[in-house]
Participant: 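Sharing a structure below in structure tokens format, with a few things to ask.
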4 protein chains.
Amino acid sequence: MTPPPSEPRDGPSANRGVPGRKRSEQSREALLQAARELSVSVQRYRDISIQAIAKRASSSKATIYRWWTSKAELIRDAVLDQPLPMPRGDSLRADIESAIRSQREIMKTAASLPVFAGTWAELVENRVLANQGGPMQDCPLGSQMVGILESVFDRARQRGDWEGPVHLHAAYEVLFGSLFCRLIGQFGDFNEEELDRLTLRVIEAARPLSNSDSR
Amino acid sequence: MTPPPSEPRDGPSANRGVPGRKRSEQSREALLQAARELSVSVQRYRDISIQAIAKRASSSKATIYRWWTSKAELIRDAVLDQPLPMPRGDSLRADIESAIRSQREIMKTAASLPVFAGTWAELVENRVLANQGGPMQDCPLGSQMVGILESVFDRARQRGDWEGPVHLHAAYEVLFGSLFCRLIGQFGDFNEEELDRLTLRVIEAARPLSNSDSR
Amino acid sequence: MTPPPSEPRDGPSANRGVPGRKRSEQSREALLQAARELSVSVQRYRDISIQAIAKRASSSKATIYRWWTSKAELIRDAVLDQPLPMPRGDSLRADIESAIRSQREIMKTAASLPVFAGTWAELVENRVLANQGGPMQDCPLGSQMVGILESVFDRARQRGDWEGPVHLHAAYEVLFGSLFCRLIGQFGDFNEEELDRLTLRVIEAARPLSNSDSR
Amino acid sequence: MTPPPSEPRDGPSANRGVPGRKRSEQSREALLQAARELSVSVQRYRDISIQAIAKRASSSKATIYRWWTSKAELIRDAVLDQPLPMPRGDSLRADIESAIRSQREIMKTAASLPVFAGTWAELVENRVLANQGGPMQDCPLGSQMVGILESVFDRARQRGDWEGPVHLHAAYEVLFGSLFCRLIGQFGDFNEEELDRLTLRVIEAARPLSNSDSR
DNA sequence: GTATAACCGAGACGGTACGTCAAGTCTTGTT
DNA sequence: AACAAGACTTGACGTACCGTCTCGGTTATAC
């Protein structure tokens, strides 16, 4: 959607020969920063106006739409597209717990919860309108998390902590769904014990069914 | 918010002697029905306009705002406030699976997914603005589900299928979170096997931790 | 338009035998009084709401519309329909001056100027809609004034102060038009000298043209 | 209120360097024209809706409110702000008569009478709300007429037709007030004789009082 | 250097929904 | 039958903000 930083696409001098002023990376950063600031200072998604972002960034609406196709895209890039650190613990359990903590942290700090919900809702709208489906491609958090889980379980397998296939999807759903449910649903945050239990639930979700199961 | 049908609040004859035209139950139903119809015929929450609902119900904007404080409240009452049937199976597993199916059905049919997401997002906004917290009180689905889980586990205990305490909250989070994640996140629907696995995950989430736990 | 006091129409007992509660003259007076009070306490015609009048009179909207066909009619009856005293001076000049003073007083005190203008405007609308024309029949001030001028000039003729025909219409226009212009147009009020000059202008306007006229 | 055509304020190049899209003169004209058309095609002031003006002008409500603060301002600019031609006769009497005819023409053709009245009433309201007073500044007809009278009497003085001071204010009141009274009051129009008489009355009103006056 | 072209800020534009408000009508139960 | 209360339909209002477009002006490469 967003051709990020613009040069990196084909190397720094790929557009050699193209006349005209180049995009201002400074503007882009200022806009993202302004969007981030507004996102936390505001109580509703609709309170973040494109106009206000442009003004705060000493930029203009037109420049925003030159880089992003919609308000939701901008907020997503500004607020949700933050790198999740790859867990580097020495056990599957420690890694999963670390992943949960990272994601929770972003969901709590990146924006107020309603902004989070509003952005997500609008991204869903956009996607449906464009007839796109697939696994959470609009939510960087989501796609990153899938990668992280994959890598974490790989390491566990190498470590000998895990055998057989991994139900990544199920693990992801338990992890992300529970967090979402909690934070958006405003139950309040997890305490340490709940975090521990969630970790185990995620791991269990990933484990394939044995032939013996409950009633 | 909406004092529904109006009389039932204090019994049928509590407002005997109250002068003035009574609330038109016909209008109320027509508005809810119109909201329901628009909710499924439309791809985005914002495409449901108050004006259109009023027009389709042969009613008026003013009447809507007399009874609901916002568009989101109306959509919630129309679309999300549908009774979840109480499962009546002969095993815990059957009951949980039934609960999951019911909720999934509502989430899939009551409105298009983006409408669901948009409504939820706006309800979250309203709640934050009003400084209210607590467990999903704005989402009837959520609160009903908690009651259903409670009852289902109670029956399991009486049946001898369950011992000890129940982590209702955890079960709820796995169930609702996974569904939400799936349907809103547009992974597509669950197949039978996934449904089966989700059922087991919900049950496991409710079970308290034993002292022996995974790696 | 307004069936005034209602009984006088066919005598006090004409509707003997007609079942049902009789109209409350008390209500009617309370409504007029409430309209009068609101008219002076408010800056714009639109700030006088039917609802507010009804409430202040401890009456109801329905009752208002049972007696008057529109808001403007009510305000007219309440605010503009005040008796102009018949001048009883001993000279034409004194009488005219007295008439001017009376009318000015009503225009200044009966309602704020904008309320006066708004009421008039709406009365004009109603009249045009009803395809009625004719001399100011909706503005009691106007019709009374014509009568007063007529009588005043009659007495002057009897007194020997006036000979020949009277251009009542012209006198009325100068008198009423100047006042209207001044007060609605917000030039401020007349001082004594201006009042004196206006008096003379009104008298001159009534005098038929002689054969010799100005340059 | 409306900074008309926008450049002419300080000369054609005063706003050199001012960024931003310039006001669309085409929009402005289309809106004024649409307002004019609606003003004559309609029987009541309230029947001219901002929405309808915008639509007819292929413009939008937002654009209207960007340049005019209220409906009344727009109608005023569209309908009342039409240039009065300066009389160029060879006698005072001819000039005054010409001025009367011009003003009458505008009052009769610019809008239906109720629209005229409604606009004026709302302008009066606005002015009172803003605590502004002064001589008819909201009614271009009014202020133009004062200038025209001034100039006409100046020329009469140079011509030798007039001596001494002029009571402009009084002349204005008789002229404008009579016209207003007639047309708004719906007495019907002036005939030639009445016009003639009005002309003389206006001239007499301007003449200062001599020491000998009527009874 | 000078031409060209993409960028930039500012901000006006068309469009559309919102939520408010008052007018005038209708309904209900009481007097 | 008239009344107070109050819910109803209607429709304009004025606001807000989206995403687009038009300005004048500013770079940066190409010739």
Side-chain angles (χ1 to χ4, degrees), chain A residues 15-24 26-27 46-52 54-55 57-66 68-71, chain B residues 6 15-24 26-27 46-52 54 58-67 69-71, chain C residues 6 15 18-24 27 46-52 54-55 57-67 69-72, chain D residues 6 15-24 26-28 46-52 54-55 57-67 69-71:
Chain A
N15 55 357
R16 187 162 43 83
V18 175
R21 182 174 175 177
K22 292 305 168 285
R23 279 185 175 180
S24 159
Q26 187 183 332
S27 270
R46 46 144 64 94
D47 291 338
I48 311 171
S49 82
I50 290 283
Q51 186 74 38
K55 192 169 185 181
S58 302
S59 182
S60 73
K61 268 166 59 159
T63 303
I64 292 179
Y65 285 99
R66 210 171 281 119
W68 293 276
T69 63
S70 73
K71 177 172 147 182
Chain B
S6 118
N15 57 354
R16 187 164 45 82
V18 172
R21 183 173 176 175
K22 296 300 172 288
R23 176 171 186 182
S24 157
Q26 187 183 333
S27 263
R46 45 144 66 95
D47 291 338
I48 311 172
S49 84
I50 291 282
Q51 185 75 37
S58 302
S59 181
S60 73
K61 254 174 32 162
T63 301
I64 292 178
Y65 283 103
R66 198 193 314 281
W67 298 105
T69 63
S70 71
K71 178 169 139 183
Chain C
S6 116
N15 53 1
V18 174
R21 182 172 172 178
K22 296 301 169 293
R23 278 186 176 180
S24 156
S27 268
R46 45 141 69 91
D47 291 338
I48 310 172
S49 81
I50 291 282
Q51 185 73 37
K55 192 170 185 181
S58 302
S59 180
S60 73
K61 271 164 64 161
T63 303
I64 292 179
Y65 285 101
R66 205 171 286 118
W67 291 75
T69 65
S70 72
K71 174 172 150 182
Chain D
S6 113
N15 57 354
R16 188 164 45 82
V18 172
R21 183 173 176 175
K22 294 303 170 291
R23 176 171 187 183
S24 158
Q26 187 183 332
S27 262
R28 183 176 172 274
R46 46 146 61 97
D47 291 338
I48 311 172
S49 83
I50 292 282
Q51 186 75 37
K55 193 169 185 180
S58 303
S59 182
S60 74
K61 257 173 36 159
T63 301
I64 292 178
Y65 283 103
R66 197 174 291 114
W67 298 105
T69 64
S70 70
K71 178 168 138 183

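Reminder, nothing fancy here: chain letters follow the sequence lines and each chain counts from 1. Computed over heavy atoms, backbone and side chain alike; hydrogens, waters and symmetry mates excluded. Not measured: the values here are computed from a predicted model.
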Participant: Kindly write out the residues that satisfy side chain to side chain contact (heavy atoms under 4.5 Å, CB included) with R46(D), not counting sequence neighbours, or none if the list is empty.
Facilitator: E122(C), E125(C), R44(D)

Participant: Within the pair S60(A) and dC8(E), is there a side-chain N or O less than 4.0 Å away from OP1 or OP2?
Facilitator: no

Participant: T63(A) or T63(D): which one's nearest nucleotide on DNA chain E is closer to the 5' end?
Facilitator: T63(A)

Participant: Does NZ or CZ of R28(D) fall inside the cone over W67(D)'s six-membered ring, less than 6.0 Å from its centre and within 45° of the axis?
Facilitator: no

Participant: Could you pull out all residues at least two apart from S60(B) that satisfy side-chain hydrogen bond (donor to acceptor under 3.5 Å, both in side chains)?
Facilitator: T63(B)

Participant: OP1 or OP2 of dT9(F) less than 4.0 angstrom from a side-chain nitrogen or oxygen of S27(B), does that happen here?
Facilitator: yes

Participant: Could you tell me how far apart Q26(A) (CD) and dT26(F) (P) are, to the nearest whole angstrom?
Facilitator: 17 Å

Participant: Given atom CD1 of I64(B) and atom C1' of dG11(F), what is their separation to the nearest angstrom?
Facilitator: 15 Å

Participant: Mind calculating the distance between CZ (R21(B)) and C1' (dA7(F)) to the nearest angstrom?
Facilitator: 5 Å

Participant: Reading nucleotides 14-19 of chain F from the 5' end, what letters show protein touch, with B for base, S for backbone sugar-phosphate only, - for no heavy atom under 4.0 Å?
Facilitator: BB-BBB

Participant: With a cut-off of less than 4.0 Å, is there a side-chain N or O of W67(C) near OP1 or OP2 of dC3(F)?
Facilitator: yes

Participant: Sequence neighbours excluded, which residues qualify as side chain to side chain contact (heavy atoms under 4.5 Å, CB included) partners of S58(D)?
Facilitator: none

Participant: Which residues pass the side-chain hydrogen bond (donor to acceptor under 3.5 Å, both in side chains) test with S70(B), sequence neighbours left out?
Facilitator: N126(B)

Participant: Quick one: list whatever passes side-chain hydrogen bond (donor to acceptor under 3.5 Å, both in side chains) with R21(B), sequence neighbours left out.
Facilitator: none

